[in-house]
Amino acid sequence: MRIGVVGTGYVGLVAGTCLAESGNHVTCVDIDETRIQMLRAGRVPIYEPGLEELIRTNVKERRLTFTTRLEEAVRNSLLIFITVGTPSDDDGSVDLTAVLAVAEGIAKAMDGYKIVITKSTVPVGTTRRIKKLISGATKHEFDVVFNPEFLKEGNAVDDFMKPDRVVIGAEGPQVGETLKELYAPFVRTGKPIIVMDIESAEMTKYAANALLATKISFMNEIANLCEEVGADVESVRGAIGADARIGSQFLFPGVGYGGSCFPKDVRALIRSGEDAGCELRIVRAVEATNTAQRERFFRKIQKHFNGQLAGKKVAVWGLAFKPGTDDMREAPAITIIELLLEHGALVHAYDPRAGEAAKSFLPDGGVTYSPDCYSALEAADGLVLLTEWPEFRNPDFDKMATLMKERVVFDGRNIYDPLRMRAMGFTYHGIGRR
Ligand code: NAD
């Protein structure tokens with residue numbers, strides 16, 4: 001099939017590349033000229049494992065091209081995906097400016113029948129709004145579809161290639177069939193393609209993200225209670241995760257969720273509830289718990305130093321909101337580092353991938369970026385671990401002990417064993433550990 005993908009961010013670039021990999025001809029469009037120039041020159045503007053190689057192959061095979069001209073992509077394609085950002089406004093509502101601008105641009109460029117597929121996460125009603133907007137601006141026939149994306153940054157290529165399910169919100173059976181045909185190569189192991197009405201598909205994306213965020217906030221509250229009453233959340237986690245009704249994923253306590261999706265999607269759902277006169281008490285609590293969790297972790301650090309953080313050298317391992325990505329959007333590291341700096345600490349940070357991206361999210365001049373994890377530790381008064389990158393899981397503890405001025409570790413992801421850490425002479429603070 002001939003496909004246009006508008007927006008070459010984490011979703012658009014991965015979707016476009018994977019759709020090309022399955023034999024389609026894909027034109028990727030972005031408004032950002034630098035990004036398109038980079039892609040044309042064979043450089044990838046984001047870090048996502050396996051993506052660069054796949055782009056290279058598909059460009060070489062002439063199935064994948066990049067342009068800033070939306071019109072060119074629309075004319076060349078039957079299917080056009082909208083994958084631009086849908087950030088939060090100050091009041092939690094979704095800023096649809098980019099999505100609507102793209103829809104209008106598509107309408108103006110249409111030269112025949114097209115299927116316009118919204119993949120950006122949008123509130124219920126948006127796809128129908130897009131349909132109205134397009135029909136007001138073109139005389140050509142078209143269909144609209146909502147097709148949420150469930151990929152996880154850090155594993156995006158694999159997730160797109162082997163989805164747990166594909167959800168398609170469409171009107172009428174024919175367009176649903178076309179989309180099923182498009183996705184058939186990705187579900188050969190029998191994973192379902194679930195076709196439903198557009199509104200339910202829009203709601204599915206928010207419900208899925210909010211439920212995952214709920215699991216995280218729930219476990220953070222249980223971890224906090226474990227700390228107070230003398231239980232160990234890691235034992236609790238293992239045992240409740242073994243219950244098939246609960247499942248073992250997303251039960252990891254930590255410093256709270258972040259990223260470009262959970263925080264904004266949880267806020268958007270709360271806002272949708274308010275607009276509809278239907279208060280979502282659980283979802284509201286999920287957000288409040290998440291904010292409190294970051295502050296609680298900071299207070300733990302502060303308490304260890306008897307409130308005297310001024311002049312303390314604090315090493316931070318991990319800045320990205322999760323391992324496997326350079327995405328810093330709403331990363332817990334931002335809140336925690338800002339609090340450390342506000343209280344006079346000297347922050348020396350290291351992240352295997354997000355160091356460069358972090359610079360535009362953290363206060364100017366406030367953080368020293370270390371070239372590797374060990375140099376961040378030189379003469380440090382403590383280590384704060386915020387992202388569980390694989391390389392932090394089994395470091396050279398002897399070297400750490402030699403480098404650090406004070407052997408104290410604040411493990412925001414519970415990746416170390418408290419007993420082993422204490423046996424090696426470290427003071428260890430985890431989340432909800434005995
Ligand atoms: P992103 O910010 O990484 O990328 C968006 C891209 O769209 C940017 O390159 C930007 O330059 C481009 N863009 C903006 N306006 C444009 C326009 N008018 N014309 C052409 N290009 C334009 O965003 P993302 O993380 O890929 O997310 C995109 C959407 O997918 C969001 O709605 C998000 O909620 C959803 N989503 C994201 C993820 C994820 O893990 N990032 C997962 C599932 C769904």
Side-chain angles (χ1 to χ4, degrees), residues 4-18 27-39 44-49 51 66-74 80-89 93-109 116-123 126-127 130 146-160 163-167 201-202 204-210 212-213 257-269 320-322 324-331 357 360-361:
V5 176
V6 191
T8 59
Y10 290 87
V11 168
L13 195 53
V14 170
T17 306
C18 294
T27 311
C28 286
V29 191
D30 207 291
I31 200 173
D32 181 341
E33 283 187 26
T34 324
R35 193 166 265 253
I36 293 298
Q37 268 166 16
M38 267 182 93
L39 285 162
V44 181
I46 54 168
Y47 173 68
E48 196 54 57
L51 183 61
F66 301 100
T67 179
T68 51
R69 296 181 54 231
L70 176 61
E71 192 184 270
E72 181 186 320
V74 173
I80 302 136
F81 282 88
I82 303 177
T83 63
V84 295
T86 47
S88 279
D89 268 338
S93 62
V94 181
D95 179 352
L96 292 170
T97 315
V99 168
L100 299 176
V102 170
E104 199 175 342
I106 293 171
K108 288 187 179 147
V116 180
I117 306 156
T118 309
K119 204 177 235 319
S120 301
T121 304
V122 292
T126 307
T127 305
I130 289 171
F146 181 71
N147 167 222
E149 182 50 59
F150 298 103
L151 62 76
K152 301 181 291 296
E153 284 177 27
N155 199 49
V157 170
D158 232 39
D159 286 345
F160 195 94
D164 285 341
R165 79 309 206 180
V166 174
V167 172
E202 288 171 329
T204 298
K205 176 63 192 171
Y206 283 106
N209 272 0
L212 293 170
Y257 60 77
S260 65
C261 290
F262 285 6
K264 86 169 169 62
D265 292 351
V266 164
R267 285 195 295 269
L269 196 57
F321 82 96
K322 63 187 276 194
T325 183
D326 58 353
D327 198 344
M328 280 296 296
R329 290 177 281 185
E330 303 209 33
S360 52
F361 286 85

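All heavy atoms count here, side chains included; hydrogens, waters and symmetry mates do not. When a ligand or atom number is given, it counts from 1 through the structure's own listing order.
Among all non-hydrogen protein atoms, the one lying nearest atom 11 (O) of ligand 1 is D30 OD1, 2.6 Å. Among all protein heavy atoms, the one lying closest to atom 22 (C) of ligand 1 is V84 CG1, 3.4 Å.
Distances from atom 20 (C) of ligand 1 to the heavy atoms of T325, V94, I31 show the closest one on I31.
In this structure, E48 contributes its side chain and G154 its backbone to a donor-acceptor pair below 3.5 Å.
The part of T83 lying near ligand 1 is the backbone, judged by heavy-atom distances below 4.0 Å. If you look at K152 next to ligand 1, there are no close heavy atoms at all, none under 4.0 Å. When heavy-atom distances to ligand 1 are checked against a 4.0 Å cut-off, V6 comes that close only through its side chain, counted from C-beta outward. Here K322 has no heavy atoms under 4.0 Å from ligand 1, in either its backbone or its side chain.
For the pair T121 and ligand 1, the shortest N or O to N or O distance falls below 3.5 Å.
Among T83, T27, V99, L70, the single residue meeting the side chain to side chain contact (heavy atoms under 4.5 Å, CB included) criterion with V6 is L70.
Ligand 1 is never approached by A101 to a heavy-atom distance shorter than 4.0 Å.
Of all the atoms in ligand 1, the ones that sit under 4.0 Å from a non-hydrogen atom of K205 are 43 (C). Contact atoms of ligand 1 toward G85: 5 (C) (distance under 4.0 Å to a heavy atom of the residue).
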Check your understanding: How far apart are the C-alpha atoms of T127 and E202, what are their side-chain angles, what is the distance that settles it, and do they pass the side chain to side chain donor-acceptor pair (under 3.5 Å) test?
Key -> CA-CA 8 Å; T127 305; E202 288 171 329; 2.6 Å; yes

**Study point:** Worked verdict on L100 versus I130 for side chain to side chain contact (heavy atoms under 4.5 Å, CB included)
**Key:** CA-CA 7 Å; L100 299 176; I130 289 171; 4.2 Å; yes

